[in-house]
Amino acid sequence: MRVFATRALPGRALEHLAGEVRLEVWPGAGTPPRAELLRRAAKLDGLLCTLSDGVDADCIAAAPSLRAISSCSVGTDHVDLAAASARGIPVGHTPGVLAETTADLAFALLMAAARRLVEADRFVREGAWRDWQPGLLLGRDVHGATLGVIGLGAVGQAVARRATGFGMKVLGWSRSGRRIGGIEIVELADLLRRSDFVSLHVALAPETRGLIGRAELGLLRPGAVLVNTARGGLVDEAALAESLAGGRLAAAALDVFEREPLPKDDPLLAAPNLVLAPHIGSASVATRVRMAELSVQNLLAGLRGEPLPHCANPEFAKFAKPLRR
Ligand code: GLV
């Protein structure tokens with residue numbers, strides 16, 4: 001069976017795969033160009049991809065013998081799940097293993113935005129530090145503040161636990177209306193009006209695209225801070241850049257963007273009080289190794305016609321096999 005991995009992955013997971021299939025790993029530094037993916041698709045039984053590969057309906061149609069897709073990511077908004085399901089192709093993904101690591105980054109971004117750490121670092125390096133000043137780089141308190149968590153899956157809940165440890169009050173909203181102990185569940189508009197910090201943790205889907213648009217940004221308290229480690233498409237970035245420039249929002253911290261990598265002329269780059277990271281929510285050594293292992297397990301299960309440890313197609317979820325850890 002022929003498998004194409006669009007990236008070399010951390011750890012030794014690809015070695016297990018190489019023992020079982022004819023594996024080709026994209027030798028380039030970045031994402032394979034689309035034409036290359038389509039050309040290789042023609043002969044593939046399995047595709048091991050990442051969130052920057054657009055596995056759309058055309059790509060799936062170009063792969064007549066494809067039996068399994070596995071993405072080394074929890075999000076699957078880059079894969080056309082309906083097209084895969086229509087062909088009976090399971091799509092593996094990696095939930096669970098990255099929740100705590102992503103929550104760590106969300107909290108790091110929240111703290112960095114609240115206490116202006118990036119500005120402070122620049123200030124020291126640029127030699128601007130003359131003496132201790134009572135009004136220098138004043139930020140916002142995290143302890144005692146209210147955090148609104150949008151999306152109460154594994155990552156949202158892990159962020160809420162951290163917030164509780166910091167003495168924050170936690171409000172939560174999710175599309176399913178799920179209830180979690182220690183989190184006050186409120187309507188989305190209520191959460192936006194009452195929170196000092198808002199952190200996004202919903203998947204990107206047609207129903208959530210643009211969830212935080214101009215109107216929602218307008219509901220935020222003056223001086224609020226927005227953190228996004230989920231997907232860029234959840235937020236109207238132009239409206240966010242305006243809210244920051246106009247001083248209505250105190251700050252924002254983003255790990256994800258509508259267009260990745262962020263284009264050099266993107267208006268966000270000119271926005272004040274914005275902490276930026278290059279989509280590194282799950283980027284710890286241990287977590288990336290676990291994600292690679294899980295994505296290889298998913299792919300091998302799919303190629304063998306067995307239930308996947310974690311299958312993203314809603315139609316196939318009942319066939320998913322719980323992962324033993
Ligand atoms: C990261 O964004 C992921 O989907 O794994």
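Every number for a ligand or one of its atoms is a count from 1 in the order of the listing.
When non-hydrogen atoms are compared, ligand 1 lies under 4.0 Å from the side chain of L98 (C-beta onward) but not from its backbone. Residue-level proximity to ligand 1 for L51 is carried by the side chain, the only part with a heavy atom below 4.0 angstrom.
Taking every non-hydrogen atom of H279 and a distance limit under 4.0 Å, the qualifying atoms of ligand 1 come out as 1 (C), 2 (O). Taking a cut-off of under 4.0 Å to the non-hydrogen atoms of G75, the atoms of ligand 1 that pass are 3 (C), 4 (O).
Scanning for side chain to side chain donor-acceptor pair (under 3.5 Å) contacts around D77 gives R231, with sequence neighbours left out. With sequence neighbours excluded, the residues satisfying side-chain contact (heavy atoms from CB on, under 4.5 Å) with E242 are R214.
Between R304 and E20 there is a salt bridge, with a side-chain nitrogen of the basic residue lying less than 4.0 Å from a carboxylate oxygen of the acidic one. Between E293 and R290 there is no salt bridge, since no side-chain nitrogen of the basic residue lies less than 4.0 Å from a carboxylate oxygen of the acidic one.
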Inset, instruction - Let me see the working for H310 and T94 under side chain to side chain contact (heavy atoms under 4.5 Å, CB included), right down to the final yes or no. - result: CA-CA 7 Å; H310 287 288; T94 64; over 6 Å; no
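Among protein heavy atoms, the minimum distance from atom 3 (C) of ligand 1 is reached at V74 N, 3.4 Å.
At under 3.5 Å, a nitrogen or oxygen of R231, whether backbone or side chain, sits near a nitrogen or oxygen of ligand 1.
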